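Have a look at the structure below, then the notes.
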Amino acid sequence: MARECRCKPAVDASGNRSRSCAAASSGPVVGLGGRRCTAAQTVRSPGQLRPPVEMPMRLSRYFLPVLKETPAEAQIVSHQLMLRAGMIQQLSAGIYNWLPLGYNVLRKVEAIVHDEMQRAGAIPILMPTIQPADLWRESGRYEDYGKEMLRIKDRHERDMLYGPTNEENVTDIFRRHVQSFKQLPLNLYHIQWKFRDEVRPRFGVMRGREFLMKDAYSFDVDQAAAEAAYDNMFVAYLKTFKRMGLTAIPMRAETGPIGGNLSHEFQILASTGESAVYFDAAFEDVDFSAETFDVEVLKSLYAAADDKHDAAACPVPPERLKSGRGIEVGHIFYFGTKYAEPMDAAVIGPDGETRPVHMGSYGIGVSRLVGALIEANHDEKGIVWPESVAPFRVGLVDLRPDDATAHGLAMELYGKLEKAGIETLLDDREERAGAKFATMELIGLPWQVTVGPRGAKAGKVELKSRRSGETVELGPDALLQRLGA
RNA sequence: CGGGGCGUAGCGCAGCCUGGUAGCGCAUCUGCUUUGGGAGCAGAGGGUCGGGUGUUCGAAUCACCCCGCCCCGACCA
């Protein structure tokens, strides 16, 4: 793990929320409309919209506690930047508060995962965080799981637990309602908080004790059908990560406490990743933007994390072997009847015979992804969000709220961006130019629009790409057009 | 769970060894000046020194116990 320098110049937090500019008090504070569909290629009916994850916002009225200084406890860059950008705040070891900016990103990631799961045919449900121990005794895992499972008692001294995963729970749902192969295939998923009492939580949300996870569970009549369901999820994962601007390499994996004999983990490549990974150069030729994939080909390509990689036994010739660092963000399993048998989840097949259902489970670390995204997208100045998960798309810098021309133009643009439903964060604080630019770069919004007296006089504003650093001067109309307003 | 370290103002730290009742930078508040890359000057506010017990005339400082957090290792979405 790359460690950042821990030198600490004696400086600190630039404040949020300086007084709001009196001159800026006209106009609506928050737009009610302006909901953008995060899935560019999907059109949802209004009934399918989830609560808005972003609204135009002015910084003087927002809650963005940015830190000028890197807190001592953060070791890796994503943790440092999440703290500095006011995204999260630790409440206890491995347990975090999600502040507005971080929560925005978390919901963006969540929305993409939801969308891709449903496109793949999985059906959303919601299972509880607290589960009765008896259910886990049925599968034998109450005894097997070990100290990672947080065991608690209710007031009646009944054994309960804060779920580290939900195989038993979903199997119980299944067995109570499904009797026939005709009701298959079925894939139920949810996005819910989990708790694993890690001995040593670290790296911020990358390895917390409480974490948000998407877990899907497939039910099929036999192994062949279950493996098709597995492949279906395999492809959905590639699409999901691609949509977040990440390259995820599927690797053969151990099944651990989930069990089973077929498993892949998905590692995204980031220079500061937790483990070294080795993979066939052929992965670099894969078009992850594709709609369809040849799963058999992808499964056959070599890829392994360092603990499973043996240079001597590696089937890939050295000149075709690539290496990098990876972060595990997803893990899929086929485990057959491991839970169905002890828990008596069975269906009647076409032949009239009753047989245990074949299952698989498919996890994505949603909260971990927020950290992983930063590991894969940052520079020395701060975060560089991919557009699909950015907390706001545009950062509008009202450079001099006291300059009538510049301020007027900034507010006009803000109003138009708001009306067009473009997620915009307006920096209307009474701060110096440097502080405003530094904040924008730290929080990493994809597009920065600077409106200052210099340009405003000539009817020009500045548009800057956070990622490339490229800057263009253009008029307000051209700007709005560029941003799709 | 083994080994190590740290808890002093919102953040980052000094003071502790050698006990005498708390300090620096940033942030915050007020005023003036400044204003395209984390401003300057002047003034102000803010701390049961993680908690408890003990030693002492006196404890941030010494001793013991507890709690919390961080790092290395074993373990993991």
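Chain letters run A, B, ... following the sequence lines, proteins first and then strands; every chain starts at 1. Keep in mind that this is a model prediction, so the values were computed, not measured.
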Contact class for A/Gly455 (heavy atom, under 4.0 Å): base, sugar-phosphate, or nothing?
base
When we call it a touch if two heavy atoms are under 4.0 Å apart, what does A/Gly208 touch: a base, just sugar-phosphate, or nothing?
base
Regarding B/G37, can its base be found pairing with the side chain of A/Glu441 as donor and acceptor, where the two atoms are less than 3.5 Å apart?
yes
Donor-acceptor pair under 3.5 Å: do we get one between A/Arg207's side chain and the base of B/C75?
yes
Just checking A/Lys457: base, sugar-phosphate only, or nothing, at a heavy-atom cut-off of under 4.0 Å?
nothing
What is the distance, to the nearest angstrom, from the CD atom on A/Glu73 to the P atom on B/C69?
11 Å
Partner of B/U53 by Watson-Crick or G-U wobble geometry, both contacts under 3.5 Å, or none?
B/A63
Which part of the nucleic acid, if any, lies within reach of A/Ala93 when heavy atoms closer than 4.0 Å are counted: base, sugar-phosphate only, or nothing?
sugar-phosphate
Within the structure shown, what part of the strands sits under 4.0 Å from A/Ser367 by heavy-atom distance: base, sugar-phosphate, or nothing?
nothing
Tell me if the aromatic rings of A/Phe392 and A/Tyr62 count as close, with their centers under 6.0 Å from one another.
yes
Should A/Arg200 be listed as having a side-chain N or O under 4.0 Å from OP1 or OP2 of B/C71?
yes
Partner lookup for B/G36, please. Criteria are Watson-Crick or G-U wobble with both distances under 3.5 angstrom; report none if nothing qualifies.
none
Of all the nucleotides listed (B/U34, B/C75, B/C13), which has the minimum atom distance to the side chain of A/Ala72?
B/C13
Under 4.0 Å, counting only non-hydrogen atoms across every strand here, what does A/Lys194 touch: a base, just sugar-phosphate, or nothing?
nothing
Quick one: does A/Arg84 reach the base of B/G38 with a side-chain donor-acceptor pair under 3.5 Å?
yes
What about the rings of A/Phe203 and A/His79, do their centers lie closer together than 6.0 Å?
no
Please say which of A/Tyr339, A/Phe174, A/Tyr189, A/Phe335 ends up in a ring-ring contact (aromatic ring centres under 6.0 Å, His included) with A/Phe219.
A/Phe174
Who is the Watson-Crick or G-U wobble partner of B/C75, with both distances under 3.5 Å?
none
Is a side-chain N or O of A/Asp280 found less than 3.5 angstrom from the main chain of A/Phe283, in a donor-acceptor match?
no
A/Phe234 and ring-ring contact (aromatic ring centres under 6.0 Å, His included): which partner among A/Phe266, A/Phe293, A/Phe333?
A/Phe266
